[in-house]
Amino acid sequence: MEPIFALRRVCFEYENGRNRISAVRDAEGIFEEKKMYAIVGKSGSGKSTLLGMLAGMRLPTEGTVLYRGKDMREIDREAYRRTEIAIIHQAYHLFPRLTALENVCYPLELLGVSYRQSKLLAGEKLLALGISQEQWNSYPTQLSGGEQQRVAIARALAKGSKVILADEPTGNLDQENSEHIMGLLRKLVAEEGYCMILVTHDKEAAGQADVTLYMEAGRVNYT
């Protein structure tokens, strides 16, 4: 079976003043459905850069990132992010003028889902993530950091994309909520065939992964 992603000698470099920085160096590997992957390493090791290339937000300066056998350079990356994958951002990226429910509905409406159906799907995911119906009409500034994170996760899951890219999905959650979220994500992988790729500093979250990628100075090692 063709992997979801394949990395072929992927490098990413950028200019920093007069210096050229190698953020990712000769990364190789595959990411498959029905598996959870954790990308771990110190700050500045290249984790978020690698995740950004999988999300199509940046292209490698050398090598190739393949999505289902297609070179990321040759696909419509905006459409890819809208329809093929879901991204959980560390900084939430919630719309400040939309309520919690409206934030989760927004990507569904972009996909052509009816207003009624999008509300049903959004409400289902919010409840699953511990956001009560009384909070659905709250704006992001009226929610705690952990609640905003759960709304962001609900928005990603509501799309129905079977590929989830998550940057520190449990970073703003207490232990109880972190365990609840990771249990939900593991269930999606095991029972619904998701490909879940997490960047995380959380050792317990990383311990849930089927495969762990350790990054150091831009290089990737697998366990």
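Please read all numbers here as calculations on a predicted model, not as lab measurements. All residue numbers in this chain count up from 1 along the given sequence.
Closest approach of Ala86 to Ala156, counting heavy atoms only: CB-O, 3.3 Å. The heavy-atom pair separating Met72 from Phe5 by the smallest distance is CE-CE2, 4.2 Å. Contact between Ile153 and Pro169 at its shortest, heavy atoms only, is CD1-O, 3.6 Å. For Gln148 against Pro140, the heavy-atom pair with the smallest separation is NE2-O, 3.2 Å. What you find for Leu143 and Ala100 is that their closest heavy atoms are CD1-CB, 4.3 Å. Nearest approach of Thr212 to Ala206, heavy atoms of both residues: OG1-O, 4.0 Å.
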Which is it for Val40 and Leu213 under the side chain to side chain contact (heavy atoms under 4.5 Å, CB included) test, yes or no, and what are the steps along the way?
CA-CA 6 Å; Val40 301; Leu213 291 70; over 6 Å; no
Where do Glu204 and Glu179 land on the side chain to side chain contact (heavy atoms under 4.5 Å, CB included) test, with the steps shown first?
CA-CA 9 Å; Glu204 292 187 7; Glu179 290 175 356; 4.2 Å; yes
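Counting only distance, with no hydrogens or angles, the side chain of Trp136 and the backbone of Ile131 share a donor-acceptor pair below 3.5 Å. Within the 3.5 Å criterion, the main-chain N or O of Ala128 finds a donor-acceptor partner in the side chain of His180. Side chain of Lys42 to main chain of Met215: no donor-acceptor pair is present (N/O by atom type, distance under 3.5 Å, no hydrogens or angles). Under a 3.5 Å cut-off, the side chain of Asn103 and the backbone N or O of Leu94 do not form any donor-acceptor pair. Judged by distance alone, with hydrogens and angles left aside, the side-chain atoms of Glu102 form a donor-acceptor pair with the main-chain N or O of Thr99 at under 3.5 Å. With hydrogens and angles disregarded, no donor-acceptor distance shorter than 3.5 Å links the side chain of Gln117 to the backbone of Ser114. With hydrogens and angles disregarded, no donor-acceptor distance shorter than 3.5 Å links the side chain of Lys159 to the backbone of Val104. Side chain of Thr170 to main chain of Leu173: no donor-acceptor pair is present (N/O by atom type, distance under 3.5 Å, no hydrogens or angles). A distance-only check finds no donor-acceptor pair linking the side chain of Glu124 to the backbone of Leu121 [under 3.5 Å]. In this structure, Thr83 contributes its side chain and Ala79 its backbone to a donor-acceptor pair below 3.5 Å.
In the hydrophobic clustering of this structure, Ile87 does not group with Tyr92; members are Ile, Leu, Val, Met, Phe, Trp, Tyr whose side-chain heavy atoms approach within less than 4.5 Å, directly or through other members. Hydrophobic clustering (ILVMFWY, side-chain heavy atoms < 4.5 Å, transitive): Tyr14 and Met53 are in one cluster. Residues Ile181 and Leu127 are members of separate hydrophobic clusters, defined by side-chain heavy-atom contacts under 4.5 angstrom among Ile, Leu, Val, Met, Phe, Trp and Tyr. Cluster membership check: Ile21 shares its hydrophobic cluster with Phe12, using side-chain heavy-atom separations under 4.5 Å among Ile, Leu, Val, Met, Phe, Trp and Tyr. With hydrophobic clusters built from ILVMFWY side chains whose heavy atoms lie under 4.5 angstrom apart, Leu120 does not share a cluster with Leu108.
Within 6.0 Å of CD in Glu2 there are more than 12 heavy atoms belonging to other residues, nucleotides or ligands. More than 12 heavy atoms of other residues, nucleotides or ligands shown are found within 6.0 angstrom of NZ on Lys162. Within 6.0 Å of CZ in Arg9 there are 12 or fewer heavy atoms belonging to other residues, nucleotides or ligands. Counting heavy-atom neighbours within 6.0 Å of Gln133 CD, excluding the residue itself, gives a total of 12 or less. Around OH of Tyr106, the count of heavy atoms belonging to other residues, nucleotides or ligands within 6.0 Å does not exceed 12. Under a cut-off of 6.0 angstrom, the local environment of CZ in Arg81 is crowded, with over 12 non-hydrogen atoms contributed by other residues, nucleotides or ligands. Other residues, nucleotides and ligands place no more than 12 heavy atoms under 6.0 Å from the CZ atom of Arg116.
Classification of the His89-His93 ring pair by plane angle, with boundaries at 30° and 60°, yields parallel.
Note: Tyr37 OH to Ile164 CD1 = 15.0 Å, rounded to the nearest 0.5 Å. Residue Arg150 holds its CZ atom at 13.5 Å from CG of Leu157, rounded to the nearest 0.5 Å. Distance check, rounded to the nearest 0.5 Å: OG of Ser45 to CD1 of Ile39 gives 9.5 Å. Atom OG of Ser48 sits about 6.5 Å away from atom CG of Leu51, to the nearest 0.5 Å. For the atom pair Asn221 CG and Tyr214 OH, the distance stands at 10.0 Å (nearest 0.5 Å). The CZ atom of Phe95 sits 6.0 Å away from atom CZ of Arg155, with the distance rounded to the nearest 0.5 Å.
Between Glu216 and Arg219, no side-chain nitrogen of the basic residue sits less than 4.0 Å from a carboxylate oxygen of the acidic one, so the salt-bridge criterion is not met.
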Contacts table for residues 183-200: side-chain donor-acceptor under 3.5 angstrom, sequence neighbours left out:
| unit_1 | atom_1 | unit_2 | atom_2 | d |
| --- | --- | --- | --- | --- |
| Arg186 | NH1 | Gln208 | O | 2.8 |
| Arg186 | NH1 | Asp210 | OD2 | 3.3 |
| Thr200 | OG1 | Asp202 | N | 2.9 |

Which pairs would a plain distance check flag for residues 54-70, meaning a side-chain donor or acceptor within less than 3.5 Å of a matching protein atom at least two apart in sequence or in another chain?
| unit_1 | atom_1 | unit_2 | atom_2 | d |
| --- | --- | --- | --- | --- |
| Thr61 | OG1 | Cys11 | O | 3.2 |
| Thr61 | OG1 | Glu13 | N | 3.1 |
| Tyr67 | OH | Glu84 | OE1 | 2.7 |

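Within the 4.5 Å cutoff, side-chain heavy atoms of Ser43 are placed close to those of His201. Arg82 has its side chain within reach of Leu111: a pair of non-hydrogen atoms, C-beta onward, lies under 4.5 Å apart.
In the model, Ser132 has a side-chain atom that pairs as donor or acceptor with a side-chain atom of Gln135 under 3.5 Å. Between the side chains of Asn177 and Asp174, at least one donor-acceptor pair of N or O atoms lies under 3.5 Å.
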